[in-house]
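These notes are about the structure you will find just below.
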Amino acid sequence: MKATATMGPSGYRTQIRTGQKAVHTLVADEPAGKGDDAGPTPIELLAGALASCTTLTLRSYANAKGIELEGVDVDVEIKRRKPSERNNGERDMLIRKKVHLRGKFTPEQRKRLLEIAEKCAVLKALTEGVDLETL
């Protein structure tokens, strides 16, 4: 998997190209006042990556187990905390994720789906860390 970001000589608007077989183009920017608000900020893209990874993971599991999942909504909020807002050991960013499942499930299925929601690759990268090489 790979992504390439390109920014022009002025402004913050950045074109992102990604895709394995098909090429997908996205735009990132900064909010009005700093940028042109032509697309989500990088942190909003991160929130979207976590939310969409969670939904895709749940769909894959439900399909494999024959669970009738009518739909999923995942809300992700990323909040930057000032040093004065942090307790001992807390980091400067707090991510809150809420999963809304739609469908008719047994209590055991609902519990398992919520456990599976914690197994997406983006969440794993955020919580376990990654090896990063800057070339």
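Keep in mind that what you see is a predicted model, and the values were worked out from it rather than measured. Residues take their numbers from the sequence shown, with the count starting at 1. What you see below is based on every heavy atom in this structure, not just the backbone, and it leaves out hydrogens, waters and symmetry mates.
- The structure places CG of L69 at 4.5 Å from CZ of R59, a figure rounded to the nearest 0.5 Å.
- Note that the NZ atom of K2 and the OG1 atom of T4 stand 4.5 Å from one another [nearest 0.5 Å].
- Side-chain atoms of R81 come within 3.5 Å of backbone atoms of R91 as a donor-acceptor pair (strictly under, hydrogens ignored).
- R112 places a side-chain heavy atom less than 4.5 Å from the side chain of Y61.
- Linking ILVMFWY side-chain heavy atoms closer than 4.5 Å, directly or via other members, places L114 and L123 in a single hydrophobic cluster.
- Under the 4.5 Å side-chain criterion, counting only non-hydrogen atoms from C-beta, P42 is in contact with E30.
- Here CG of D73 is found 11.5 Å from NZ of K98. Values are rounded to the nearest 0.5 Å.
- Counting heavy atoms from C-beta outward, K124 and K119 have side chains that stay 4.5 Å or more apart.
- The two residues V72 and V74 make their nearest non-hydrogen contact at CG1-CG2, 3.7 Å.
- Judged purely by atom type and a 3.5 angstrom limit, S60 has no side-chain atom pairing as donor or acceptor with the backbone of L56.
- A distance of 7.0 Å separates CZ in R17 from OG1 in T25, rounded to the nearest 0.5 Å.
- Judged purely by atom type and a 3.5 angstrom limit, T55 uses its side chain to pair as donor or acceptor with the backbone of S52.
- L46 and I16 fall into different hydrophobic clusters, where Ile, Leu, Val, Met, Phe, Trp and Tyr residues are linked whenever their side-chain heavy atoms come under 4.5 Å apart, directly or through other members.
- Between E108 and K111 there is no salt bridge, since no side-chain nitrogen of the basic residue lies less than 4.0 Å from a carboxylate oxygen of the acidic one.
- Counting heavy-atom neighbours within 6.0 Å of E77 CD, excluding the residue itself, gives a total above 12.
- In this structure, S10 contributes its side chain and G8 its backbone to no donor-acceptor pair below 3.5 Å.
- Summarising the geometry, atom CD1 belonging to I78 is positioned 12.0 Å from atom CZ belonging to R96; distances are rounded to the nearest 0.5 Å.
- Formation of a donor-acceptor pair under 3.5 Å by the K97 side chain with backbone atoms of A117 is found in this model.
- L45 and Y12 are not part of a single hydrophobic cluster, where members link through side-chain heavy atoms under 4.5 Å apart.
- What you find for F105 and R110 is that their closest heavy atoms are CD1-NH2, 3.5 Å.
- By the rule that hydrophobic residues join a cluster once side-chain heavy atoms approach within less than 4.5 Å of another member, I43 and V76 end up as members of one cluster.
- Residue L126 is grouped with residue V99 when hydrophobic side chains (ILVMFWY) are merged at heavy-atom distances under 4.5 angstrom, including chains of intermediate members.
- In this structure, CD in E85 is found 10.0 Å from CG in L94, a value given to the nearest 0.5 Å.
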